[in-house]
Amino acid sequence: MDSVGLANYETLEQFIIERQNQFPMSTGAFSRLIRDLSVAGKIVNRDMRRAGLVDISGATGMVNVQGEVQQKMDALAHSEFVRALKRGGECCLIGSEEHAEAIPLQTNNQEEGGEYIVLLDPLDGSSNIEVNVSVGTIFSIYKLPSGVVEPSLDDALQSGTEQIAAGYIVYGSSTMFVYTTGNGVNGFTLDPSIGEFLLSHPNIRIPHQGTSYSINEGNYNSFEEGLKEYIKWMQLTDPVDNRPYSTRYIGSFVSDFHRNLLKGGLYIYPSTEKNPEGKLRLMYEANPMAFIVEQAGGLASTGTQRVLEVTPDRLHQRVPLYIGSNDMVLAAEAFLSGSRLHTD
Ligand code: P6P
(Lines give C-alpha, C1' and ligand atoms only; values in the text may rest on other atoms or scores of the structure.)
Protein backbone atom coordinates (compact mmCIF):
# COMPACT_ATOMS: atom_id res chain seq x y z
CA MET A 1 0.00 0.00 0.00
CA ASP A 2 1.40 3.42 -0.89
CA SER A 3 1.80 6.10 1.76
CA VAL A 4 -1.33 7.87 0.46
CA GLY A 5 -3.30 4.68 1.11
CA LEU A 6 -2.12 4.60 4.72
CA ALA A 7 -3.44 8.14 5.25
CA ASN A 8 -6.99 6.76 4.72
CA TYR A 9 -6.75 4.33 7.61
CA GLU A 10 -7.92 5.11 11.14
CA THR A 11 -5.66 3.94 13.95
CA LEU A 12 -7.01 2.01 16.94
CA GLU A 13 -6.15 4.98 19.17
CA GLN A 14 -8.08 7.41 16.91
CA PHE A 15 -11.00 4.98 16.81
CA ILE A 16 -11.09 4.66 20.61
CA ILE A 17 -10.91 8.44 21.15
CA GLU A 18 -13.70 9.05 18.63
CA ARG A 19 -15.90 6.52 20.42
CA GLN A 20 -14.96 8.01 23.78
CA ASN A 21 -16.02 11.49 22.63
CA GLN A 22 -19.52 10.12 22.05
CA PHE A 23 -19.79 9.70 25.84
CA PRO A 24 -19.18 13.16 27.37
CA MET A 25 -19.05 11.72 30.88
CA SER A 26 -16.29 9.29 29.98
CA THR A 27 -13.03 9.85 31.82
CA GLY A 28 -10.85 8.15 29.25
CA ALA A 29 -10.03 5.30 31.64
CA PHE A 30 -11.56 2.64 29.39
CA SER A 31 -9.78 4.08 26.34
CA ARG A 32 -6.49 3.86 28.21
CA LEU A 33 -7.26 0.25 29.20
CA ILE A 34 -7.79 -0.80 25.57
CA ARG A 35 -4.57 1.03 24.66
CA ASP A 36 -2.69 -0.84 27.41
CA LEU A 37 -3.93 -4.18 26.05
CA SER A 38 -2.96 -3.24 22.49
CA VAL A 39 0.56 -2.26 23.59
CA ALA A 40 1.03 -5.61 25.33
CA GLY A 41 -0.24 -7.29 22.18
CA LYS A 42 2.39 -5.52 20.08
CA ILE A 43 5.14 -6.66 22.47
CA VAL A 44 3.93 -10.27 22.43
CA ASN A 45 3.72 -10.04 18.64
CA ARG A 46 7.34 -8.84 18.50
CA ASP A 47 8.52 -11.69 20.77
CA MET A 48 6.43 -14.22 18.83
CA ARG A 49 7.99 -13.31 15.50
CA ARG A 50 11.44 -14.14 16.92
CA ALA A 51 10.36 -17.38 18.64
CA GLY A 52 12.36 -19.47 16.18
CA LEU A 53 15.50 -17.39 16.72
CA VAL A 54 15.70 -16.88 20.47
CA ASP A 55 15.16 -19.43 23.19
CA ILE A 56 11.46 -18.72 23.81
CA SER A 57 9.98 -21.66 21.95
CA GLY A 58 9.05 -24.88 23.61
CA ALA A 59 8.09 -25.70 27.16
CA THR A 60 9.20 -24.16 30.42
CA GLY A 61 9.22 -27.53 32.12
CA MET A 62 6.40 -26.19 34.31
CA VAL A 63 2.77 -27.25 34.39
CA ASN A 64 0.16 -24.49 34.62
CA VAL A 65 -2.97 -24.47 36.73
CA GLN A 66 -4.74 -26.31 33.95
CA GLY A 67 -2.34 -29.21 34.28
CA GLU A 68 -1.02 -28.32 30.83
CA VAL A 69 2.66 -28.03 29.96
CA GLN A 70 3.38 -24.30 30.09
CA GLN A 71 5.11 -22.95 27.02
CA LYS A 72 7.78 -20.30 27.42
CA MET A 73 5.70 -17.90 25.35
CA ASP A 74 2.70 -18.52 27.64
CA ALA A 75 4.71 -17.24 30.58
CA LEU A 76 6.14 -14.34 28.57
CA ALA A 77 2.75 -13.26 27.26
CA HIS A 78 1.22 -13.47 30.74
CA SER A 79 4.00 -11.29 32.15
CA GLU A 80 3.67 -8.72 29.37
CA PHE A 81 -0.07 -8.28 29.87
CA VAL A 82 0.24 -8.11 33.66
CA ARG A 83 3.04 -5.54 33.32
CA ALA A 84 1.06 -3.39 30.86
CA LEU A 85 -2.12 -3.48 32.96
CA LYS A 86 -0.22 -2.77 36.19
CA ARG A 87 1.62 0.17 34.61
CA GLY A 88 -1.58 1.52 33.02
CA GLY A 89 -3.40 1.76 36.38
CA GLU A 90 -6.92 1.23 34.97
CA CYS A 91 -7.19 -2.45 35.95
CA CYS A 92 -7.68 -3.52 39.58
CA LEU A 93 -7.82 -7.30 39.15
CA ILE A 94 -6.58 -9.83 36.60
CA GLY A 95 -7.73 -13.41 36.05
CA SER A 96 -5.33 -15.32 33.81
CA GLU A 97 -5.22 -18.84 32.45
CA GLU A 98 -1.56 -18.87 33.51
CA HIS A 99 -2.22 -18.09 37.18
CA ALA A 100 -4.19 -20.21 39.65
CA GLU A 101 -5.59 -17.25 41.61
CA ALA A 102 -6.91 -13.83 40.62
CA ILE A 103 -4.17 -11.17 40.70
CA PRO A 104 -5.05 -7.90 42.53
CA LEU A 105 -3.09 -4.94 41.09
CA GLN A 106 -1.77 -2.21 43.38
CA THR A 107 -2.64 0.85 41.30
CA ASN A 108 -0.45 3.95 41.31
CA ASN A 109 -3.16 6.07 42.85
CA GLN A 110 -4.80 4.06 45.63
CA GLU A 111 -7.85 6.24 46.27
CA GLU A 112 -8.62 6.13 42.55
CA GLY A 113 -7.77 2.49 41.98
CA GLY A 114 -8.51 0.92 38.64
CA GLU A 115 -12.20 0.31 38.02
CA TYR A 116 -11.84 -2.55 35.52
CA ILE A 117 -11.36 -6.29 35.83
CA VAL A 118 -9.55 -8.08 32.99
CA LEU A 119 -9.77 -11.83 32.43
CA LEU A 120 -7.45 -13.23 29.83
CA ASP A 121 -5.94 -16.17 28.08
CA PRO A 122 -2.52 -14.64 27.36
CA LEU A 123 -1.64 -17.05 24.59
CA ASP A 124 -4.19 -19.60 23.48
CA GLY A 125 -2.89 -22.47 21.38
CA SER A 126 0.71 -21.73 22.35
CA SER A 127 1.90 -25.31 21.76
CA ASN A 128 1.50 -24.43 18.06
CA ILE A 129 4.20 -21.74 18.15
CA GLU A 130 7.12 -24.07 17.62
CA VAL A 131 5.44 -25.39 14.46
CA ASN A 132 4.63 -21.87 13.24
CA VAL A 133 0.84 -22.10 13.49
CA SER A 134 -1.21 -18.99 14.38
CA VAL A 135 -2.05 -18.40 18.04
CA GLY A 136 -3.91 -15.69 19.94
CA THR A 137 -4.69 -13.69 23.08
CA ILE A 138 -8.27 -13.46 24.36
CA PHE A 139 -9.52 -10.85 26.87
CA SER A 140 -12.75 -10.05 28.69
CA ILE A 141 -13.42 -6.80 30.57
CA TYR A 142 -15.83 -6.20 33.46
CA LYS A 143 -16.45 -3.17 35.67
CA LEU A 144 -15.52 -3.54 39.34
CA PRO A 145 -18.86 -3.53 41.20
CA SER A 146 -19.39 -0.11 42.84
CA GLY A 147 -18.42 0.19 46.47
CA VAL A 148 -15.84 -2.60 46.38
CA VAL A 149 -12.65 -1.47 48.13
CA GLU A 150 -10.63 -4.70 48.06
CA PRO A 151 -11.26 -6.39 44.66
CA SER A 152 -11.35 -10.18 44.83
CA LEU A 153 -12.18 -13.14 42.64
CA ASP A 154 -15.85 -12.95 43.58
CA ASP A 155 -16.02 -9.54 41.85
CA ALA A 156 -14.72 -11.15 38.66
CA LEU A 157 -17.18 -14.05 38.62
CA GLN A 158 -19.88 -12.19 36.70
CA SER A 159 -22.06 -13.68 33.93
CA GLY A 160 -20.91 -13.03 30.40
CA THR A 161 -23.86 -10.68 29.85
CA GLU A 162 -22.15 -8.24 32.26
CA GLN A 163 -19.02 -7.87 30.10
CA ILE A 164 -18.44 -4.29 28.98
CA ALA A 165 -15.90 -5.30 26.35
CA ALA A 166 -14.21 -8.37 24.89
CA GLY A 167 -11.58 -8.95 22.26
CA TYR A 168 -8.77 -11.03 20.86
CA ILE A 169 -5.43 -10.58 19.16
CA VAL A 170 -4.62 -13.14 16.51
CA TYR A 171 -0.92 -13.55 15.67
CA GLY A 172 -1.28 -14.99 12.19
CA SER A 173 -0.16 -14.11 8.67
CA SER A 174 -0.92 -10.64 9.95
CA THR A 175 -1.55 -9.54 13.53
CA MET A 176 -5.08 -8.34 14.22
CA PHE A 177 -6.81 -6.73 17.19
CA VAL A 178 -10.55 -7.48 17.15
CA TYR A 179 -12.90 -6.22 19.85
CA THR A 180 -16.40 -5.16 20.82
CA THR A 181 -17.87 -2.87 23.48
CA GLY A 182 -21.42 -3.92 22.64
CA ASN A 183 -21.75 -1.69 19.57
CA GLY A 184 -20.62 -4.10 16.86
CA VAL A 185 -17.27 -5.74 16.18
CA ASN A 186 -14.27 -4.00 14.60
CA GLY A 187 -10.95 -5.44 13.43
CA PHE A 188 -7.60 -3.66 13.28
CA THR A 189 -4.54 -4.93 11.43
CA LEU A 190 -1.05 -4.14 12.72
CA ASP A 191 1.14 -2.24 10.28
CA PRO A 192 4.60 -3.12 11.59
CA SER A 193 6.18 -0.31 9.56
CA ILE A 194 4.47 2.29 11.78
CA GLY A 195 3.65 0.13 14.81
CA GLU A 196 -0.06 0.98 14.67
CA PHE A 197 -3.21 -1.14 14.54
CA LEU A 198 -5.23 0.24 11.57
CA LEU A 199 -8.99 -0.21 11.11
CA SER A 200 -9.14 -2.83 8.36
CA HIS A 201 -12.38 -4.72 9.16
CA PRO A 202 -15.12 -2.26 10.27
CA ASN A 203 -18.40 -3.67 11.58
CA ILE A 204 -17.64 -7.38 11.12
CA ARG A 205 -20.74 -9.56 10.51
CA ILE A 206 -20.58 -13.37 10.59
CA PRO A 207 -22.51 -15.13 7.76
CA HIS A 208 -25.60 -16.88 9.16
CA GLN A 209 -24.52 -20.10 7.48
CA GLY A 210 -21.08 -21.51 6.79
CA THR A 211 -19.76 -24.56 4.96
CA SER A 212 -17.07 -25.64 7.41
CA TYR A 213 -16.92 -26.87 10.98
CA SER A 214 -14.05 -27.04 13.46
CA ILE A 215 -13.83 -30.00 15.83
CA ASN A 216 -11.28 -32.58 16.95
CA GLU A 217 -12.89 -35.66 15.41
CA GLY A 218 -10.33 -37.80 17.20
CA ASN A 219 -12.76 -37.61 20.13
CA TYR A 220 -15.68 -38.87 17.98
CA ASN A 221 -16.29 -42.03 19.99
CA SER A 222 -16.97 -40.02 23.15
CA PHE A 223 -19.33 -37.52 21.50
CA GLU A 224 -22.98 -37.62 22.56
CA GLU A 225 -25.35 -39.17 20.02
CA GLY A 226 -26.92 -35.88 18.90
CA LEU A 227 -23.51 -34.50 17.98
CA LYS A 228 -22.67 -37.66 16.04
CA GLU A 229 -25.97 -37.23 14.14
CA TYR A 230 -25.09 -33.59 13.34
CA ILE A 231 -21.64 -34.53 12.06
CA LYS A 232 -23.14 -37.29 9.89
CA TRP A 233 -25.67 -34.77 8.54
CA MET A 234 -22.92 -32.24 7.68
CA GLN A 235 -21.03 -35.01 5.82
CA LEU A 236 -24.00 -36.05 3.64
CA THR A 237 -24.07 -34.77 0.03
CA ASP A 238 -26.73 -32.16 -0.67
CA PRO A 239 -25.94 -29.50 -3.31
CA VAL A 240 -28.85 -27.38 -2.10
CA ASP A 241 -26.94 -26.30 1.01
CA ASN A 242 -23.41 -27.05 -0.17
CA ARG A 243 -22.98 -30.26 1.81
CA PRO A 244 -20.76 -32.07 2.59
CA TYR A 245 -19.18 -29.28 4.65
CA SER A 246 -15.42 -29.12 5.10
CA THR A 247 -13.59 -29.55 8.37
CA ARG A 248 -11.16 -26.78 9.30
CA TYR A 249 -9.43 -27.38 12.65
CA ILE A 250 -5.96 -26.06 13.35
CA GLY A 251 -5.85 -26.65 17.09
CA SER A 252 -5.86 -22.94 17.85
CA PHE A 253 -9.25 -21.63 18.98
CA VAL A 254 -8.58 -17.95 18.21
CA SER A 255 -7.54 -18.77 14.65
CA ASP A 256 -10.43 -21.16 13.99
CA PHE A 257 -12.83 -18.63 15.52
CA HIS A 258 -11.41 -15.73 13.46
CA ARG A 259 -11.79 -17.66 10.19
CA ASN A 260 -15.34 -18.64 11.06
CA LEU A 261 -16.16 -15.04 12.06
CA LEU A 262 -15.12 -13.73 8.64
CA LYS A 263 -16.25 -16.64 6.42
CA GLY A 264 -18.99 -18.36 8.41
CA GLY A 265 -18.58 -21.66 10.20
CA LEU A 266 -18.96 -23.44 13.52
CA TYR A 267 -16.36 -24.25 16.19
CA ILE A 268 -17.24 -27.12 18.52
CA TYR A 269 -15.46 -28.30 21.63
CA PRO A 270 -17.98 -30.63 23.30
CA SER A 271 -17.88 -32.72 26.41
CA THR A 272 -15.38 -35.55 25.82
CA GLU A 273 -14.07 -38.47 27.85
CA LYS A 274 -10.89 -36.51 28.65
CA ASN A 275 -12.72 -33.19 29.19
CA PRO A 276 -16.24 -34.08 30.47
CA GLU A 277 -17.05 -30.35 31.01
CA GLY A 278 -15.54 -29.42 27.66
CA LYS A 279 -12.04 -27.95 27.30
CA LEU A 280 -12.57 -24.23 26.69
CA ARG A 281 -12.70 -21.99 29.78
CA LEU A 282 -15.82 -19.97 30.40
CA MET A 283 -14.39 -16.74 31.82
CA TYR A 284 -11.56 -15.97 29.42
CA GLU A 285 -12.29 -17.99 26.28
CA ALA A 286 -15.98 -18.86 25.82
CA ASN A 287 -17.53 -15.68 27.29
CA PRO A 288 -15.41 -13.09 25.43
CA MET A 289 -15.78 -14.90 22.12
CA ALA A 290 -19.51 -15.36 22.77
CA PHE A 291 -19.87 -11.59 23.28
CA ILE A 292 -17.99 -10.94 20.04
CA VAL A 293 -19.88 -13.51 17.97
CA GLU A 294 -23.31 -12.30 19.18
CA GLN A 295 -22.32 -8.72 18.38
CA ALA A 296 -21.44 -9.93 14.88
CA GLY A 297 -24.80 -11.70 14.44
CA GLY A 298 -23.78 -15.22 15.47
CA LEU A 299 -24.51 -17.44 18.48
CA ALA A 300 -22.62 -19.20 21.27
CA SER A 301 -24.12 -22.13 23.16
CA THR A 302 -23.05 -24.82 25.62
CA GLY A 303 -25.31 -27.07 23.56
CA THR A 304 -28.21 -26.46 25.89
CA GLN A 305 -27.75 -22.86 27.10
CA ARG A 306 -26.60 -19.43 25.88
CA VAL A 307 -22.94 -19.20 26.97
CA LEU A 308 -23.32 -15.60 28.17
CA GLU A 309 -26.00 -16.66 30.66
CA VAL A 310 -23.93 -19.36 32.38
CA THR A 311 -23.51 -18.45 36.05
CA PRO A 312 -19.79 -18.73 36.86
CA ASP A 313 -18.54 -20.23 40.09
CA ARG A 314 -14.84 -20.77 39.38
CA LEU A 315 -12.18 -18.76 37.55
CA HIS A 316 -10.98 -21.69 35.44
CA GLN A 317 -14.24 -23.53 34.92
CA ARG A 318 -14.79 -25.15 31.53
CA VAL A 319 -17.90 -25.36 29.35
CA PRO A 320 -18.86 -27.29 26.22
CA LEU A 321 -18.82 -24.79 23.34
CA TYR A 322 -20.73 -24.46 20.05
CA ILE A 323 -19.89 -21.04 18.60
CA GLY A 324 -20.20 -19.39 15.20
CA SER A 325 -22.82 -18.94 12.48
CA ASN A 326 -26.34 -18.48 13.77
CA ASP A 327 -28.01 -21.23 11.72
CA MET A 328 -25.22 -23.75 12.48
CA VAL A 329 -25.44 -23.26 16.25
CA LEU A 330 -29.25 -23.57 16.15
CA ALA A 331 -28.88 -26.78 14.11
CA ALA A 332 -26.41 -28.16 16.64
CA GLU A 333 -28.84 -27.49 19.49
CA ALA A 334 -31.65 -29.20 17.53
CA PHE A 335 -29.56 -32.32 16.89
CA LEU A 336 -28.33 -32.39 20.50
CA SER A 337 -31.92 -32.22 21.77
CA GLY A 338 -32.83 -35.19 19.55
CA SER A 339 -35.35 -33.20 17.50
CA ARG A 340 -33.31 -33.70 14.30
CA LEU A 341 -31.60 -36.78 12.84
CA HIS A 342 -28.98 -37.06 10.10
CA THR A 343 -31.65 -38.61 7.85
CA ASP A 344 -33.80 -35.47 8.00
P1 P6P B 1 -7.40 -30.50 21.28
C2 P6P B 1 -5.55 -24.97 22.72
O3 P6P B 1 -4.99 -25.74 23.78
C4 P6P B 1 -7.06 -25.07 22.86
O5 P6P B 1 -7.46 -24.54 24.10
C6 P6P B 1 -7.74 -24.37 21.71
O7 P6P B 1 -7.02 -23.27 21.24
C8 P6P B 1 -7.87 -25.45 20.67
O9 P6P B 1 -8.96 -25.27 19.80
C10 P6P B 1 -8.04 -26.71 21.53
O11 P6P B 1 -7.44 -26.44 22.80
C12 P6P B 1 -7.34 -27.90 20.93
O13 P6P B 1 -7.60 -28.99 21.81
O14 P6P B 1 -7.93 -31.36 22.41
O15 P6P B 1 -8.22 -30.67 20.03
O16 P6P B 1 -5.92 -30.65 21.01
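What you see is a predicted model, and the numbers here were worked out from it, not measured in a lab. We count ligands from 1, going down the list as the structure has it; atoms in each ligand are counted the same way.
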## Note on the structure
Checking heavy-atom distances from atom 3 (O) of ligand 1 to each of Lys274, Arg281, Lys279, the winner is Lys279
### Summary
If we number the atoms of ligand 1 from 1 as shown, the ones under 4.0 Å from a heavy atom of Tyr249 are 1 (P), 9 (O), 10 (C), 12 (C), 13 (O), 15 (O)
### Message
Can you see whether Phe15 has Arg19 sitting over its ring - NZ or CZ less than 6.0 Å from the centre and within 45° of the normal?
### Response
yes
### Apart from Ile231 itself, residues in the same hydrophobic cluster as defined by side-chain heavy atoms under 4.5 Å
Tyr213, Ile215, Tyr220, Phe223, Leu227, Tyr230, Trp233, Met234, Tyr245, Leu266, Ile268, Leu299, Tyr322, Met328, Val329, Leu330, Phe335, Leu336
### Other ILVMFWY residues reachable from Ile43 by side-chain steps of under 4.5 Å
Val39
### Task
In plain terms, say whether Arg281 and Glu97 are close enough for a salt bridge, that is, a side-chain N and a carboxylate O under 4.0 Å apart.
yes
### Summary
A student checking ligand 1 against Phe253 at a 4.0 Å heavy-atom cut-off should list atoms 6 (C), 7 (O), 8 (C), 9 (O)
### Query
Under 4.0 Å from any heavy atom of Asn216, which atoms of ligand 1 are there?
1 (P), 14 (O), 15 (O)
